[in-house]
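Working notes, structure below.
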Amino acid sequence: MSESASNTPVNFIHQIINDDLASGKHSGRVHTRFPPEPNGYLHIGHAKSICLNFGTAQKYGGLCNLRFDDTNPEKENLEYVESIKASVKWLGFDWDDRLYYASDYFDQLYEYAIALIRQGKAYVCSLTPEQAREYRGTLTEPGRPSPDRERSIEENLALFSRMKSGEFPDGAFTLRLRIDMASPNINLRDPVIYRIKHQHHHQTGDTWCIYPMYDYTHCISDALERITHSLCTLEFEDHRPLYDWVLDQLDVPAHPQQIEFARLNIDYTVMSKRKLKQLVDEGLVSGWSDPRMPTLEGLRRRGYAPEAIRHFVDMVGVTKSNSLVEVGQLEFCLREFLDATAPRAMAVLRPLRVTLTNVPAEHAERLVLPRHPKNPALGEREIPFGRELFIDRSDFEEVPPAGFKRLVPGGEVRLRGAYIIRCDDVVKDAAGRVSELRCSCDLATLGKNAEGRKVKGVIHWVPAAEAIPVEVRLYDRLFNHPAPDAAEGDYRDHINADSLQVLRDALVEPSLAAAVPEQRFQFEREGYFVVDRFDSRPDALVFNLTIGLKDSWTKP
RNA sequence: UGGGGUGUCGCCAAGCGGUAAGGCACCAGAUUUUGAUUCUGGCAUACGUUGGUUCGAAUCCAGCCACCCCAGCCA
């Protein structure tokens with residue numbers, strides 16, 4: 001694990017844990033949990049929670065559970081369960097044998113509910129959702145007691161039992177906590193803890209037709225697992241009094257401390273599951289794992305490295321202030337990791353034929369280049385060099401803009417890892433489009449400078465005969481507004497229409513013939529690319545652009 | 001206008017009464033057979049605001065302002 005020996009100061013949660021450890025609060029234990037609801041795919045925002053929870057456990061030599069918060073079967077399914085497990089593992093974390101489901105506790109939760117009824121702290125309510133809303137009051141006015149609030153314990157017990165046995169239709173009754181209808185905290189105004197839902201559950205099948213609510217389930221699940229620190233996002237701050245209230249009424253094995261932190265937001269994307277699901281359902285992207293999606297599956301397919309994501313999360317820190325982090329920061333971490341680890345290769349995205357007129361057709365030289373400029377351990381690769389080759393169309397201009405360092409008519413340029421060439425002739429097709437460059441090669445410039453002149457430009461190339469045709473998918477950000485959510489109009493109005501460009505005529509150097517899915521490379525002077533994990537085949541490679549190289553050349 | 005939170009450089013973020021860390025971005029140079037990488041230097045008399053306490057305040061107190069969250073039988 002990347003035990004980032006970073007000098008990042010301890011965040012406020014770790015300060016709390018340090019204090020707890022010092023005071024012996026949880027008898028020296030640190031036990032956290034990552035509790036996703038299986039109602040969608042995990043995204044980069046969840047990465048923060050995963051790294052925080054699993055990372056905290058690691059840091060303190062404690063444990064972290066993976067627990068599915070599966071109390072609403074309506075929105076959940078097994079596909080989501082599986083993808084969540086895969087994403088957590090991909091990110092580099094392991095829950096060992098501690099995989100739990102809130103639904104594992106349905107029996108115990110039911111018994112605890114009966115205990116609450118017996119204490120007169122819960123009652124069966126017949127108010128409809130509309131009525132309940134009315135009775136709840138508003139932000140500034142207190143609520144009123146439900147007509148059922150004083151129902152007898154015996155009656156509540158009987159009714160709750162009948163709810164469970166399926167005697168009533170959905171919505172007929174709810175079980176509510178009896179707390180305080182006048183509380184300034186609306187969460188304490190007799191919250192519903194059980195509702196009737198005749199709904200098949202992905203874990204418990206048709207065993208249940210009543211399902212517990214989050215507020216009631218989460219604290220008890222934490223307690224049963226003897227979690228010490230229950231980390232969640234800011235919007236649950238108001239729920240903490242309820243979390244504590246429930247545990248205070250019950251005889252549970254522990255009373256975990258809920259601590260809230262700010263969720264991660266990144267610009268130029270959306271992070272809500274509802275919107276991500278909408279993008280998928282409306283076909284605006286190819287699926288949850290579309291390389292443009294901020295989902296962990298999407299980032300994975302795009303070529304993001306777990307190491308980079310972990311470093312990023314570490315870098316932005318954990319606080320209670322809402323923030324919008326620039327994607328640039330994520331991209332920095334990505335490039336940093338990829339630059340250090342990705343083998344280099346040459347790929348020509350938009351080929352332009354070059355014939356070296358002074359090199360005989362039978363010239364068959366094999367150049368040997370390092371796979372990495374700074375890490376010799378990555379080895380070397382061989383590239384055939386001969387009379388015919390391809391360069392990228394963007395590396396030649398008939399009428400170059402000021403500052404253009406590449407090939408121009410009559411000009412010279414270095415072929416990366418090879419020789420210096422001069423463009424003697426520009427051949428055009430019937431339509432007037434440049435179709436070929438006829439150049440001469442200075443055979444005295446391999447590994448050394450040209451004599452008597454300075455050649456600044458270096459361009460990449462591939463040998464014509466042995467280059468491998470591949471498909472390249474160029475990705476750009478999905479939205480062209482830094483805050484699609486906050487922008488005027490619908491967030492979909494800000495989708496970047498050019499976020500995907502497919503190039504079918506690209507060519508890569510022959511050393512890439514054996515590239516396998518998910519293998520990452522730097523295509524020199526272009527960017528980092530990854531072999532697509534789903535669509536690439538050995539005889540038809542597909543590369544996804546992960547992220548371009550930084551480009552400081554500002555064209556005039 | 002009830003309750004709960006947050007406000008330190010363009011973006012993150014340290015700081016916990018002793019006189020503004022760091023990263024990203026940006027700018028300027030150097031090296032470079034990737035206009036990449038690397039390297040060097042620059043980048044908040046200022047901490048939402050107004051008062052107060054103090055020898056001394058981003059840090060303590062009070063008022064004000066801005067922004068976020070809460071009225072699901074969602075999580």
Side-chain angles (χ1 to χ4, degrees), chain A residues 6-11 15 35-37 39 69-72 74-75 125 127-129 132-134 136-143 170-176 183-189 191-197 210-211 213-215 217-218 232-241 260 262 267 273-274 312 315-333 335-336 339-340 344 346 369 373-374 403-406 413-420 445-449 455-460 522-527 548-554:
Chain A
S6 56
N7 312 314
T8 39
V10 274
N11 62 53
Q15 286 185 26
E37 182 189 13
N39 66 345
D69 224 327
D70 57 348
T71 55
N72 187 1
E74 234 166 290
K75 298 182 174 176
C125 179
L127 254 28
T128 64
R133 195 186 317 127
E134 252 175 66
R136 191 154 33 231
T138 68
L139 294 180
T140 52
E141 305 163 273
D170 288 9
F173 292 101
T174 57
L175 183 69
R176 298 176 67 182
S183 173
N185 181 345
I186 292 183
N187 295 299
L188 264 20
R189 319 242 262 230
V192 170
I193 60 169
Y194 267 95
R195 73 288 216 189
I196 302 174
K197 255 185 216 284
I210 56 171
Y211 291 95
M213 300 279 288
Y214 165 85
D215 283 308
T217 309
H218 204 90
C232 64
T233 44
L234 251 26
E235 66 269 28
F236 292 105
E237 264 176 322
D238 288 341
H239 296 238
R240 194 187 336 130
E260 312 84 10
D267 63 7
K273 270 189 198 167
R274 199 198 107 238
F312 168 71
M315 200 176 230
V316 299
V318 180
T319 69
K320 288 176 80 82
S321 67
N322 283 311
S323 60
L324 181 64
V325 181
E326 294 173 341
V327 252
Q329 198 147 339
L330 210 209
E331 293 173 343
F332 165 80
C333 294
R335 289 196 181 98
E336 180 186 51
D339 174 59
R344 313 285 127 125
M346 292 196 285
L369 274 63
K374 291 175 185 168
F404 191 74
K405 290 202 323 200
R406 286 104 101 147
V413 79
R414 155 88 58 187
L415 289 179
R416 165 122 258 231
Y419 305 88
I420 287 171
T445 55
L446 183 64
K448 36 171 139 22
N449 285 327
V455 176
K456 286 186 306 201
V458 178
I459 64 174
H460 55 94
Q522 183 200 90
F523 288 171
E524 292 189 285
R525 298 210 313 130
E526 292 288 357
L549 252 27
K550 236 175 92 178
D551 185 3
S552 63
W553 185 47
T554 43

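Values in this document were obtained by computation on a predicted structure and should not be read as measured data. Convention: sequence-line order gives letters A, B, ...; per-chain numbering from 1.
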Next on the checklist: Applying a 4.0 Å non-hydrogen cut-off, can you work out what Arg416(A) is touching in the nucleic acid: base, sugar-phosphate, or nothing?
Outcome noted: base

Checklist entry - Between Glu260(A) and Arg240(A), is there a side-chain N and carboxylate O pair less than 4.0 Å apart? => result yes

Next on the checklist: Can you tell me whether the side chain of Lys374(A) and the base of U38(B) have a donor-acceptor pair closer than 3.5 Å?
Outcome noted: no

Next on the checklist: Stacking between Trp553(A) and G35(B), defined as ring centres under 5.5 angstrom apart with planes under 30°, is that present or not?
Outcome noted: yes

Checklist entry - Is there a side-chain polar atom (N or O) of Arg344(A) under 4.0 Å from OP1 or OP2 of U34(B)? => result no

Item to check | G5(B) phosphate, OP1 or OP2, under 4.0 Å from Ser321(A) side-chain N/O | outcome: no

Next on the checklist: For a quick test of reading the model: is some side-chain N or O of Arg195(A) closer than 4.0 Å to OP1 or OP2 of C74(B)?
Outcome noted: yes

Next on the checklist: Looking at Gln15(A), I'd like to know whether one of its side-chain N or O atoms comes within less than 4.0 Å of OP1 or OP2 on G15(B).
Outcome noted: yes

Checklist entry - So, is Ser552(A) close to the A36(B) phosphate, meaning a side-chain N or O under 4.0 Å from OP1 or OP2? => result yes

Checklist outcome for this item: From the candidates U38(B), A71(B), A75(B), the one with an atom nearest any side-chain atom of Thr138(A) is A71(B)

Next on the checklist: For Glu237(A), is there an ion pair with Lys320(A) - N to carboxylate O distance below 4.0 angstrom?
Outcome noted: yes

Checklist entry - C12(B) P sits how many Å from Gln329(A) CD, rounded? => result 9 Å

Checklist entry - Does a side-chain N or O from Thr319(A) land closer than 4.0 Å to OP1 or OP2 of A13(B), or not? => result yes

Checklist entry - Between the base of U34(B) and the side chain of Arg525(A), is there a donor-acceptor distance below 3.5 Å? => result no

Checklist entry - For Lys320(A) and G4(B), is the shortest distance between a side-chain N/O and OP1 or OP2 below 4.0 Å? => result no

Checklist outcome for this item: From NZ of Lys75(A) across to P of C73(B) the rounded distance in Å is 12 Å

Checklist entry - Closest to the Asp238(A) side chain: G3(B), A75(B), U34(B)? => result G3(B)

Checklist outcome for this item: Classified by glycosidic angle (syn within 90° of 0, else anti), G29(B) comes out anti

Next on the checklist: Whether Arg136(A) contacts G72(B) is assessed here as follows: a side-chain N or O lying under 4.0 Å from the phosphate OP1 or OP2. Is that the case?
Outcome noted: yes

